[in-house]
Amino acid sequence: MANPFAGKFRVEGRNFALAKVDPRDDSAFAGKEKAKAQIAEDAEAINQLQDRLYAEGDRSLLVVLQGIDCSGKDGTVRAVFNTCGPIGVEVTPFKVPSEEERDHDYLWRVHKACPRKGIIGIFNRSHYEDVLVVKVKKLARPEAIERRYEEINQFEKMLSDNGTRILKFMLHISKEEQAERLKERVTDPTKQWKFNPGDLADRKLWDDYMAAYETALKRCSTAHAPWHVIPADRNWTRNAAIARVVRETLEDMAPKYPPPDGWDPKTVVIE
Ligand code: AMP
Ligand code: MG
């Protein structure tokens, strides 16, 4: 697969250690200004590729965004996909499951939200919550959680075999950066709506969350649905990395405008 940039962030092999990824690493970029210019260029390229994907109407792209509170999932959607406009892009946030959702298997709500042909689907959180928060807070039996990694791999393989390309990103921030961002949420009236006192309980479980992330990243980074760990303490490295990987992936998919179906432009007369 021709994804040279993605390789810098891809999780490969069972030896992967999350602690070795520096959330402030910017070595993949030639400085902030160049990266910002690159984001704008890549977002425009994504817009054009998205138009072709939509016109082609045969395949879809699923972008999974995971990360602890304040890791910048919404900001990523805005920076990378705003140029696309609302026609061919669908964002689905996954919250605490509703009663109806809890009455089904954990993949039920996820499968329903998967992008139809021609669409770029973005998951803000995802089925991975079912091996992250659910594991950390012991919301399901350990044996059930243990089975999920392989169930998820099989589910993603099925999606991939049926025309959905999958990219998964963990937005990796440091505990210090989360503290800064939480403080802003508490004091900035335009951000207070994002603060949930429950986030502080999650913050106390930081190490457990990181361990759960590492397990999920190691066990569910596959050829058909690779995980990428993105240094996300700085918004520009986060946006630049994700925009470039998405662009490369769409270029590799190479969607094409379909030719006229059953008619000849030379013979059509419009009076
Ligand atoms: P937010 O993304 O900040 O709006 O918060 C959504 C909340 O829903 C987070 O605290 C998630 O951990 C929680 N959540 C998402 N999926 C699940 C799930 N399957 N089980 C339990 N909690 C979940
Ligand atoms: Mg939150």
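No experiment lies behind these values; they were computed from the predicted model shown. Residue indices begin at 1 and follow the sequence shown. Every number for a ligand or one of its atoms is a count from 1 in the order of the listing.
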Of Gln178, Glu184, Glu177, the one forming a side-chain hydrogen bond (donor to acceptor under 3.5 Å, both in side chains) with Arg181 is Glu177
So the salt bridge (charged side-chain N to carboxylate O under 4.0 Å, His left out) pairs with at least one residue in residues 216-225 (sequence neighbours excluded) are Glu146-Arg219, Glu214-Lys218
Original post:
Do Lys73 and ligand 1 have an N or O pair less than 3.5 Å apart?
Top reply: no
Contact region, Asn124 to ligand 1, non-hydrogen atoms below 4.0 Å, reads neither
Within a distance under 2.8 Å of the Mg ion (ligand 2), the protein atoms of type N, O or S are Asp69 OD1
* Asked: Can a salt bridge be assigned to the pair Lys194 and Asp74 using a cut-off of 4.0 Å between side-chain N and carboxylate O?
  -> no
Closest to atom 5 (O) of ligand 1 by heavy-atom distance, out of Lys137, Arg125, Lys194, is Arg125
Short version for Val96: what comes under 4.0 Å of ligand 1, heavy atoms counted, is both
For Val134, the atoms of ligand 1 under 4.0 Å from one of its heavy atoms are 20 (N)
So the atoms of ligand 1 within less than 4.0 Å of a heavy atom of Asp130 turn out to be 19 (N)
**Message:** Treating Glu56 as the side-chain partner and Tyr257 as the backbone partner, does any N or O pair qualify as donor plus acceptor under 3.5 Å?
**Reply:** no
At under 4.0 Å between heavy atoms, what of Pro97 touches ligand 1? The answer is side chain
Consider ligand 1: state whether an atom of it lies below 4.0 angstrom from any non-hydrogen atom of Arg109. yes
Just checking, any donor-acceptor pair under 3.5 angstrom between side chains of Asp233 and Ser174?
yes
Checking side-chain polar atoms at under 3.5 Å, does Arg238 have a donor or acceptor matched by the opposite partner on Thr76? yes
Numbered in order shown, the ligand 1 atoms found under 4.0 Å of a heavy atom of Asp69 are 3 (O)
Under 3.5 Å: donor-acceptor pair, side chain of Arg247, backbone of Glu44: no
Query raised in the report: Between His127 (side chain) and Ile152 (backbone), is there a donor-acceptor pair under 3.5 Å?
Result: no
